[in-house]
Amino acid sequence: MASEKPIVAVTCTAPVNIAVIKYWGKRDEELILPINSSLSVTLHQDQLKTTTTAAISKDFAEDRIWLNGQEEDVGQPRLQACLREIRRLARKRRSSGDEDPLPLSVSYKVHVASVNNFPTAAGLASSAAGYACLAYALARVYGVESDLSEVARRGSGSACRSLHGGFVEWQMGERADGKDSVARQVAPELHWPELRVLILVVSAEKKLMGSTVGMQTSVETSPLLRFRAKAVVPARMAEMTRCIKERDFQGFGQLTMKDSNQFHATCLDTFPPISYLSDTSRRIIHLVHCFNAHHGQTKVAYTFDAGPNAVIFTLDNTVAEFVAAVRHSFPPKSNGDKFLKGLPVRPAPLSDELKAALGMDPTPGGVKYIIATQVGPGPQILDDPHAHLLGPDGLPKPAV
Ligand code: DP6
């Protein structure tokens, strides 16, 4: 019987997502309710993922958490909000008399261990994958089957979008209690198989101003942000959904770039202003527009979050040429062989016409490396007990 086992552990993985219609600004800081809806693409976990083990036992004296091998303060408010929320849902389920697959007490303490296979806080949305994975793993270990948007959202707003694969919208909702502020899949993972994603890592440094504080200041001071949320985003959500459903890359790419630019404009409209883009980011923007102008159509699109790294969308038949253009404009300094990670990209020649059209002097080392990936699935459960990050004693296994 499960209840005789000293410890019950579940291990899950969850993906990173990248918004093409940006979330920036909360109407409720406590419940993490946004001022506008947003829409994202879930990236493939073969390249970027968080893995989390959650274990419960009657022998655990307190909740504990380890991130990338380091024990962290379990008392931080957002983590506490997730734990409270999952236990509330577990109690609700039990009191509603649903069958209980894991007859373990909701009051058992939990140990959590989580690792990323990419640098934390490098602007690669690690908190989204992290909190989605936490919500998913906690739900499995406490036997919760309801919508997890609220649990993930309480950790980090954008995390609720990492609960699904493919293309995902986070509907802002209207209710004060946030019950209708939920993430929903717009189109599944395999809907647009030609779509490719290139992450141009410009800097792996921790960012200067986190999203939470940044967007708070924007809500307080930027009239442009208020205008965006009310007058711009609703129509953009509908248009982006159409582009995705019809696999209209021209429309998708242009709107993605415009929305990224408008988000960064609201950052500049914030007082004091916030700037997440670096000189290299701006060079990448220029490169993309020159590349598209040369081809006479939108073949690649960029988007930037709260950091200088670029995320590029393109179709499979353009990847090789665009990577060659990036290599030409940002020649790798030392790690030529490790410049490209993830999906294989064949080397492609760059025509003299395109070289001339890129119209800028190369910046050696500007782009540190590229991760080539694609659209991917939502959170997964790992059945193999070897995958557990916690040992039978409930403590992190030594790193291998
Ligand atoms: C620019 O979800 O990290 O990446 O809710 O305060 O944790 P909190 O913020 P977070 O903000 C993400 C902002 C963004 C845009 C987006 O992902 O939609």
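Starting from 1, each residue takes its place in the sequence as its number. When a ligand or atom number is given, it counts from 1 through the structure's own listing order. Just so it is clear, the model here is predicted, and its values are computed rather than measured.
- Residue-level proximity to ligand 1 for Ser211 is carried by the side chain, the only part with a heavy atom below 4.0 angstrom.
- Taking every non-hydrogen atom of Ala19 and a distance limit under 4.0 Å, the qualifying atoms of ligand 1 come out as 16 (C), 17 (O), 18 (O).
- Two rings, from His286 and Tyr302, have their centers 6.0 Å or more apart.
- The distance from the CG atom of Leu148 to the CG atom of Leu134 is 10.5 Å, given to the nearest 0.5 Å.
- Relative orientation of the Trp24 and Tyr276 rings is perpendicular, given thresholds of 30° and 60° on the angle between their planes.
- Take Arg184 and apply the side-chain contact (heavy atoms from CB on, under 4.5 Å) test, not counting sequence neighbours, and it matches Asp147, Glu169, Gln171, Val182.
- Counting non-hydrogen atoms of other residues, nucleotides and ligands closer than 6.0 Å to CG of Asp73 gives a total above 12.
- For ligand 1, the polar-atom distance check against Arg78 finds a nitrogen or oxygen pair separated by under 3.5 Å.
- When each atom of ligand 1 is checked for a heavy atom of Ile32 under 4.0 Å away, the hits are 5 (O).
- Residue contact check for ligand 1: Phe263 places a non-hydrogen atom closer than 4.0 Å to it.
- Of the N or O atoms in Arg161, one or more lie within a sub-3.5 Å distance of an N or O in ligand 1.
- Looking at ligand 1, you'll find an N or O of Gly157 within less than 3.5 Å of one of its N or O atoms.
- In the vicinity of Met215, heavy-atom distances shorter than 4.0 Å reach the ligand 1 atoms 9 (O), 11 (O).
- Looking at Ser156 next to ligand 1, an N or O pair under 3.5 Å apart turns up.
- In this structure, the ring of Phe291 has its center less than 6.0 angstrom from the ring center of Phe322.
- With ligand atoms numbered from 1 in the order given, ligand 1 contributes 5 (O), 6 (O), 8 (P) to contacts under 4.0 Å with heavy atoms of Lys26.
- Residues in residues 277-304 take part in these salt bridge (charged side-chain N to carboxylate O under 4.0 Å, His left out) pairs, two or more places apart or across chains: Asp279-Arg282.
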